Amino acid sequence: MPDNKYSNKSLEKEEKLWLLVGMGYTAEEALTAMDKCGPDTQIAELTDFIYAAELEKELDVCIRELPDEEDEKSYSHPRNLEFLSNKKRKLYKDEKQGSRGLWRSSKKQECGTERRIYIPNPMIGFCDPDESWPIVERKLPEAAKRLPYFYYENVALTPQGVWSKISRFLYDIEPEFVDSVYFCACARKRGYIHNLPIHNRFPLTPRPPRTIQEAIPWTKKWWPSWDGRTTLDCIHTKSGSAKLAERIRQALEEYDGEPEPPRHVQTYVLAECRKWNLVWVGRNKVAPIEPNEMEMLMGFPRNHTRGGGVCNGDRYTALGNSFQVDTVAYHLSVLKEQFPNGINVLSLFSGIGGAEVALHRLGIPLKNVVSVEISEVNRNIVRGWWKETNQCGNLIEIADVQEVTWDKLEQYVSSFGGFDLLIGGSPCNNLSGRNRVSRVGLEGEHSSLFYEYFRILDLVKCIMG
DNA sequence: ATCAACATGAGTTTTTAT
DNA sequence: ATAAAAACTCATGTTGAT
């Protein structure tokens with residue numbers, strides 16, 4: 001019986017080894033890395049180490065083959081070689097900065113085993129939100145059917161190979177890519193990996209507005225005819241500057257006497273409005289949407305993130321990082337008839353409680369919710385909501401995913417009989433297109449916390465049998 | 001097939017204000 | 001000192017033309 005597999009220190013090593021082998025490394029590579037890096041090294045660091053070793057081996061091959069190599073496009077082109085050397089140096093100097101892009105592209109040709117993930121267009125997911133029946137039949141792998149229900153989320157448009165890797169970890173389940181613009185008035189292109197049934201889904205009611213004009217009607221008065229937007233782009237964590245709004249106002253005022261500004265001014269203004277999700281709040285006046293409006297668009301109750309010492313900057317950050325509630329609730333709606341007496345939830349990277357709010361709005365009673373969230377401000381928001389909505393169940397708060405250990409989980413499972421749903425989206429900082437500085441992929445400083453999601457899912461699976 | 005032009009991001013770093 | 005505002009950014013996929 002593998003009951004105590006994780007409970008003592010010497011066997012933690014076995015878990016890490018198993019994890020790394022699951023990631024596609026050889027046992028030899030994994031053992032060497034664990035040997036050299038020490039027993040307390042995190043998975044992301046170990047993968048970086050293996051990557052660096054791999055790269056060095058590749059480099060040696062390149063250098064040896066250089067005299068014969070004439071092809072300009074080859075990796076042994078002097079410029080690329082210089083790049084590789086820099087990269088290698090950088091990796092050894094700063095192990096956090098590991099980017100696997102090059103490794104993937106050169107490796108792919110070699111073995112060609114990486115399953116390609118196709119992102120659908122339109123990004124509608126498995127079901128049309130106006131129907132309860134799937135538009136595609138999906139075959140869930142057998143292993144995935146034996147797990148507790150889980151739901152994982154991240155940005156859809158990642159660097160290459162990220163989703164195929166996430167999918168490989170999460171039991172080869174095909175991601176469901178959905179743009180929340182089919183549920184509300186703002187875009188939100190996200191991928192979801194889950195083992196929930198997909199028949200008999202239903203949307204939250206009332207259905208949220210689907211256009212800017214319905215969602216923020218008072219902007220209609222000032223909306224110029226040449227701004228054809230009917231929906232907003234993705235809501236993110238920062239808002240446009242007042243200086244920009246001022247520049248736009250000045251650019252437009254020059255043409256006040258004319259029916260509309262010239263083409264090039266329209267193009268400039270529209271590009272900035274799209275980039276920063278600006279709306280029309282007065283004559284020639286644009287402004288970023290406000291936190292209350294973001295709450296409404298994202299499906300949260302009014303003032304969900306307001307008050308209790310939460311400043312505006314925190315509200316923008318928290319809301320920009322959150323689930324779109326209607327979208328997630330549509331996927332979770334299938335749980336309602338299965339759990340009429342309520343569910344136990346393990347919520348990782350909870351943020352402002354998008355999952356909890358979605359379940360609550362579906363009318364699914366929350367029995368025990370273990371909520372893991374690093375930000376104190378966000379934990380306060382969730383706790384405030386929990387009290388305000390008079391929840392009958394227990395809310396257990398944990399600050400750091402690393403504190404979620406075998407012992408703690410086993411204790412929860414024995415006290416309330418197991419988790420019915422594990423839900424969460426791991427950080428996308430190193431995956432998002434907004435990031436021009438450290439979009440280094442899944443192994444990045446923040447995004448590698450995905451492996452914590454996987455670790456905890458795997459623990460829950462083992463504990464619950 | 002190939003290519004350029006275009007659309008689109010749950011961001012990070014530096015400077016300024018309080 | 002900390003918080004807000006402003007400045008600074010590019011990989012990736014689509015489209016439509018040769």
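As the structure is a prediction and not an experimental result, all values here were calculated from the model. Residue numbers begin at 1 in each chain, while the letters A, B, ... track the order of the sequences.
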query: A:E254 and A:Q250: side-chain donor and acceptor closer than 3.5 Å?
result: no
I need the [atom1]-[atom2] distance between [X] and [N], as an integer number of Å.
X      : N      : atom1 : atom2 : answer
A:N121 : B:dT8  : CG    : C1'   : 13 Å
A:Y316 : C:dA3  : OH    : C1'   : 15 Å
A:E373 : B:dA10 : CD    : P     : 18 Å
A:R229 : B:dT8  : CZ    : P     : 11 Å
A:E272 : C:dC8  : CD    : P     : 13 Å
A:W163 : B:dG9  : CH2   : P     : 16 Å
A:R315 : C:dA5  : CZ    : P     : 14 Å
A:I119 : C:dA11 : CD1   : C1'   : 13 Å

field: Which residue lies more 5' along DNA chain C, comparing A:C311 with A:R439 via nearest heavy atoms
entry: A:C311
message: Can you work out whether A:K275 or A:N312 has the more 5'-proximal nearest nucleotide on DNA chain C?
response: A:N312
Within the structure shown, what part of the strands sits under 4.0 Å from [X] by heavy-atom distance: base, sugar-phosphate, or nothing?
X      : result
A:S426 : base
A:E153 : base
A:A242 : sugar-phosphate
A:G425 : base

- request: Give a yes/no verdict on a cation-pi contact between A:R190 and A:W163, requiring under 6.0 Å between NZ or CZ and the six-membered ring centre and an angle within 45° of the axis.
  value: no
Phosphate oxygens OP1/OP2 of [N]: is one of them under 4.0 Å from a side-chain N or O of [X]?
X      : N      : result
A:R274 : B:dA7  : no
A:Q160 : C:dG13 : yes
A:R247 : C:dA7  : yes
A:K189 : B:dG9  : yes

task: Look at the rings of A:Y151 and A:H331 and say which category their plane angle falls in: under 30° parallel, 30 to 60° tilted, over 60° perpendicular.
output: tilted
- request: Specify whether A:W385 and A:H360 have parallel, tilted or perpendicular ring planes, treating 30° as the upper limit for parallel and 60° as the lower limit for perpendicular.
  value: perpendicular
[X] side, atom [atom1]; [Y] side, atom [atom2] - distance, nearest 0.5 Å:
X      : Y      : atom1 : atom2 : result
A:F349 : A:S322 : CZ    : OG    : 14.5 Å
A:N195 : A:Y152 : CG    : OH    : 15.0 Å
A:I248 : A:L252 : CD1   : CG    : 7.5 Å

task: Inspect the contact between A:D256 and A:R283 and indicate whether a charged nitrogen and a carboxylate oxygen are less than 4.0 angstrom apart.
output: yes
message: One thing to verify: whether A:R383 and A:E397 come together as a salt bridge, which I'm taking to mean a side-chain N less than 4.0 angstrom from a carboxylate O.
response: yes
- prompt: Roughly how far apart, to the nearest Å, are B:dA10 and C:dA7 at atom P?
  reply: 23 Å
statement: Each nucleotide of nucleotides 11-18 of chain B classed B (base within 4.0 Å of a protein heavy atom), S (only sugar-phosphate) or -, in 5' to 3' order, makes BB------
query: Side chains of A:I216 and A:W218: closer than 4.5 Å at any heavy-atom pair?
result: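 In contact.
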statement: DNA chain B in dot-bracket form (Watson-Crick or G-U pairs under 3.5 Å, [ ] crossing, | inter-strand) is |||||||||.||||||||
